Q: 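Input: one structure, supplied below.
These numbers come from the heavy atoms of this one structure, side chains and all, not from hydrogens, waters or symmetry mates. As the structure is a computational prediction, the values presented were derived from the model and not from experiment.
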Amino acid sequence: MRVSILNGNWVYQDATGQCILHQVQFFQRRGDEVRVYVTHTPEGIPATQARLAQAVVPEVLASGADRHFATTDLYVYHYPGIYPLLETLKTIERGAVIFYYHNVTPPALWGSKFAEIDLKLGVEGVGGFAAYADTIVADSDFNAQQLASDYGLDSAAIRVLPLAVDLSRFSPGVKDSILLRRYGLSGKRVLLYVGRMAGNKRVDLLVESLAQVQAHIPNAVLLLVGDDRSNPAIVEQVAHARQRAAALNVAESVIFTGRVDDLPAHYHLADVYVTASLHEGFGVPLIEAMASGIPVIASDATAHPWVLKDAGLLFPPADVGAMTMRIVQVLSDDVLYGDLVGKGLFRAQDFSVETYEAGWSKIVSEATAWLPQRPYPLPKPKATLSLSQRAVGAIADESLTAEIPSLKTLTSLADIMHRDYRVHSGIPIIGPLISWIRVNLTSHLREPYVDPTFERQVLFNRTAVHTLERLFARIAVLESQLAKAQEDQDSQLVAGESENR
């Protein structure tokens, strides 16, 4: 079978990146031909899998120039947010399509204007893109319920498949002496958080809790492991957390490590894992911590309760006092500590790679059961996809199919923003100064008004095009039904005439 997997990027330290890696390895072991299409060059992916990745633009795939993509049997579109390659989902006219939903951070919880428009588009685009899929996969019950309640998708058509953690990498172990010296952790009680320092993660609440914890456990420190600089939004959150730490006189006890290559060893440094995140579609670090023999404390929000069950302690979202009480409770009660470690190790087994692959195999088999054996014939209609553009392409009516190129053209024209444009001046010597003056004279208009206005226009354009696509799809189905009814009527007339003779 030929498989194409798509996402905006492929990063080893990322939860979606790990999911893609597990899928690629699964298809490799089956002997399938698999390719990964991304917008950016993969980061940190093992060479054996990275060689299967290709950074492309949507136009290349939509044009049919890439033979593998054009002749694929199974397309897997990951959705951790909006990215350009998603538009190719609307052009698929063969094979089966899986829409893999990882959830999108609500803009209100992001805490920054940077990329806020992308998040808004990501949240609003879920239902439109999912409508083109044969199968929808969510990696938690929370995500599945959101797809049904917020986007009106049929819950019976959604499959829940938890993400996997390589338990051969994450297991109990001793503290690394080199890391202890690097971070000055000898003799300390370590509160650990792993993940991006994004606004929805509420790292600032962890800092506030640390200040309260130290009133009970003076040698407590907060170790923050993960991306702390990849974009302005994250930089803003780190700066805010540092300011809070300074104001609360705990700055020396708050340690940012950035991304690390030896993540399992960093879990071994911890006495307790804690997260105050207000929004998680899953929460892979919870599993990694439990598998490493670390008690887990998490906010009672989104997917956390489903992931932990009874293997961790929860506290009301944004309740710093309750979080502090849980931390002190765990670090002061050896019986409770050991109970959480045991339950965590047991719960982590539910998220092994082997368990994931068994579930993924079932989903893949179900999604591709209708596919014919090779050589693959010309595109065929699929009755279950009444809203899919592929259903439109399968109708023989020339007057309808003649409209499809115009829809594709509209789609390509929907984004009217010139995102790569940079203010410049060709005047020698003083050109850079003139460019700087132009930027700073107009930024007060562009940032709060012009850019958001045009982004809203882009959103309207895309919505209008999608509405037209849905309309054509509905018309196609109705015309197909009418044609079938006319055919049945003609057959009855012929049969009647034969009987009269």
Side-chain angles (χ1 to χ4, degrees), residues 1-7 10 15-37 48-49 52-53 68-80 86 88-89 92-102 129-141 143-145 147-148 153-167 281-282 349-388 390-391 394:
M1 184 169 69
R2 189 165 289 153
V3 182
S4 291
I5 300 175
L6 295 93
N7 193 46
W10 193 10
T16 303
Q18 283 291 307
C19 181
I20 294 173
L21 180 60
H22 293 148
Q23 290 176 356
V24 169
Q25 292 170 334
F26 167 84
F27 289 120
Q28 282 181 310
R29 285 192 290 270
R30 290 198 343 165
D32 295 319
E33 301 175 49
V34 58
R35 295 288 184 275
V36 179
Y37 296 97
T48 306
Q49 285 75 43
L52 303 175
H68 179 93
F69 187 82
T71 58
T72 282
D73 301 299
L74 175 63
Y75 299 87
V76 182
Y77 282 84
H78 286 266
Y79 198 94
L86 279 166
T88 64
L89 174 54
I92 303 301
E93 296 180 346
R94 53 162 290 137
V97 176
I98 293 177
F99 180 84
Y100 210 114
Y101 181 58
H102 299 283
F129 286 110
Y132 286 89
D134 299 291
T135 302
I136 300 171
V137 178
D139 42 32
S140 69
D141 262 0
N143 286 350
Q145 292 169 10
L147 288 171
L153 299 173
D154 183 4
S155 57
I158 301 170
R159 303 291 178 264
V160 176
L161 181 62
L163 298 178
V165 169
D166 185 353
L167 300 181
F282 186 76
Q349 299 304 310
D350 293 336
F351 303 95
S352 68
V353 174
E354 293 76 17
T355 300
Y356 177 84
E357 289 191 349
W360 180 235
S361 178
K362 183 177 179 181
I363 289 172
V364 169
S365 296
E366 179 184 274
T368 59
W370 64 272
L371 291 178
Q373 298 298 313
R374 285 188 183 169
Y376 197 97
L378 292 175
K380 291 185 175 182
K382 289 181 273 184
T384 57
L385 296 178
S386 59
L387 299 184
S388 171
R390 288 171 287 152

Q: Relative to each other, are the rings of F69 and Y75 parallel, tilted or perpendicular (30° and 60° limits)?
A: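 Correct class here is perpendicular.
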Q: For the OH atom of Y356 and the OG atom of S361, what is their distance to the nearest 0.5 Å?
A: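 With rounding to 0.5 Å, OH (Y356) is 11.5 Å from OG (S361).
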Q: With side-chain contact (heavy atoms from CB on, under 4.5 Å) as the test, would you mind laying out the steps for Y100 and I363 before giving the verdict?
A: CA-CA 11 Å; Y100 210 114; I363 289 172; over 6 Å; no
Q: For residues S140 and G281, report the shortest heavy-atom separation together with the two atoms involved.
A: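 Looking at all heavy atoms of both residues, the shortest contact is OG-O, 2.6 Å.
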Q: Could you measure the distance from the CD1 atom of I136 to the CG atom of L153? Nearest 0.5 Å is fine.
A: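 Reported value, rounded in 0.5 Å steps: 4.5 Å.
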Q: Looking at D134 and G95, what are the two nearest heavy atoms and their distance?
A: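 Nearest pair, atom of D134 first, then G95: OD2-O, 4.1 Å.
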Q: Which word best sums up how the rings of F99 and Y79 line up, parallel for under 30°, tilted for 30 to 60°, or perpendicular for over 60°?
A: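 Ring orientation, 0 to 90° scale: tilted.
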Q: Which of parallel (below 30°), tilted (30 to 60°) and perpendicular (above 60°) describes W360 and F26?
A: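 Ring orientation of W360 relative to F26: perpendicular.
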Q: Could you tell me the separation between the OH atom of Y132 and the CG atom of L89, rounded to the nearest 0.5 Å?
A: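 Here the interatomic distance stands at 7.5 Å.
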Q: For D350, what residues pass the side chain to side chain contact (heavy atoms under 4.5 Å, CB included) criterion, not counting sequence neighbours?
A: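 Scan of D350 (side chain to side chain contact (heavy atoms under 4.5 Å, CB included), adjacent residues dropped) gives R347.
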Q: For F129 and L86, work out which heavy atoms get closest and say how close.
A: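 Answer, listing the atom of F129 first, then L86: CE2-O, 3.4 Å.
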Q: If you look at every heavy atom in S155 and A148, which pair is closest and at what distance?
A: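 Answer, listing the atom of S155 first, then A148: CB-CB, 4.1 Å.
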Q: Start with the C-alpha gap between R94 and D73, add the side-chain angles, then the distance that decides, and say whether side-chain contact (heavy atoms from CB on, under 4.5 Å) holds.
A: CA-CA 7 Å; R94 53 162 290 137; D73 301 299; 3.4 Å; yes
Q: Rounded at 0.5 Å granularity, tell me how far OH in Y37 sits from CG in L6.
A: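 CG of L6 is found 8.0 Å from OH of Y37.
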Q: Give the C-alpha distance, both sets of side-chain angles, the deciding distance and a yes or no for side-chain contact (heavy atoms from CB on, under 4.5 Å) between I158 and Y101.
A: CA-CA 10 Å; I158 301 170; Y101 181 58; over 6 Å; no
Q: Could you tell me the separation between the CD atom of Q349 and the OG1 atom of T355, rounded to the nearest 0.5 Å?
A: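 One finds 8.0 Å between CD of Q349 and OG1 of T355.
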Q: Got a second to check how far T368's OG1 is from L74's CG, nearest 0.5 Å?
A: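 T368 atom OG1 to L74 atom CG measures 6.5 Å (nearest 0.5 Å).
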Q: With Q49, which residues qualify under side chain to side chain contact (heavy atoms under 4.5 Å, CB included), at least two apart?
A: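 Q49 satisfies side chain to side chain contact (heavy atoms under 4.5 Å, CB included) with W10, L21, V24, Q25, Q28, I45, P46 only.
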Q: After noting the C-alpha distance and the side-chain angles of V3 and Q23, does the key distance pass the side-chain contact (heavy atoms from CB on, under 4.5 Å) rule?
A: CA-CA 10 Å; V3 182; Q23 290 176 356; over 6 Å; no
Q: Look only at the side chain of D154 and the backbone of A156, and say whether a donor-acceptor pair between them is shorter than 3.5 Å.
A: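 Yes.
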Q: Where do L147 and A138 come nearest, in terms of heavy atoms and distance?
A: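 Closest pair (atom of L147, atom of A138, distance): CD1-CB, 4.1 Å.
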Q: Which is it for R159 and T135 under the side-chain hydrogen bond (donor to acceptor under 3.5 Å, both in side chains) test, yes or no, and what are the steps along the way?
A: CA-CA 8 Å; R159 303 291 178 264; T135 302; over 6 Å; no
Q: What residues, two or more places apart in sequence or in another chain, satisfy side chain to side chain contact (heavy atoms under 4.5 Å, CB included) together with P80?
A: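 Testing P80 for side chain to side chain contact (heavy atoms under 4.5 Å, CB included), a comparison that skips the adjacent residues, returns N7, T16, H78, Y83, H102.
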Q: Nearest heavy-atom pair of C19 and L163: which atoms, and what distance?
A: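 The answer is SG-CD2, 3.7 Å.
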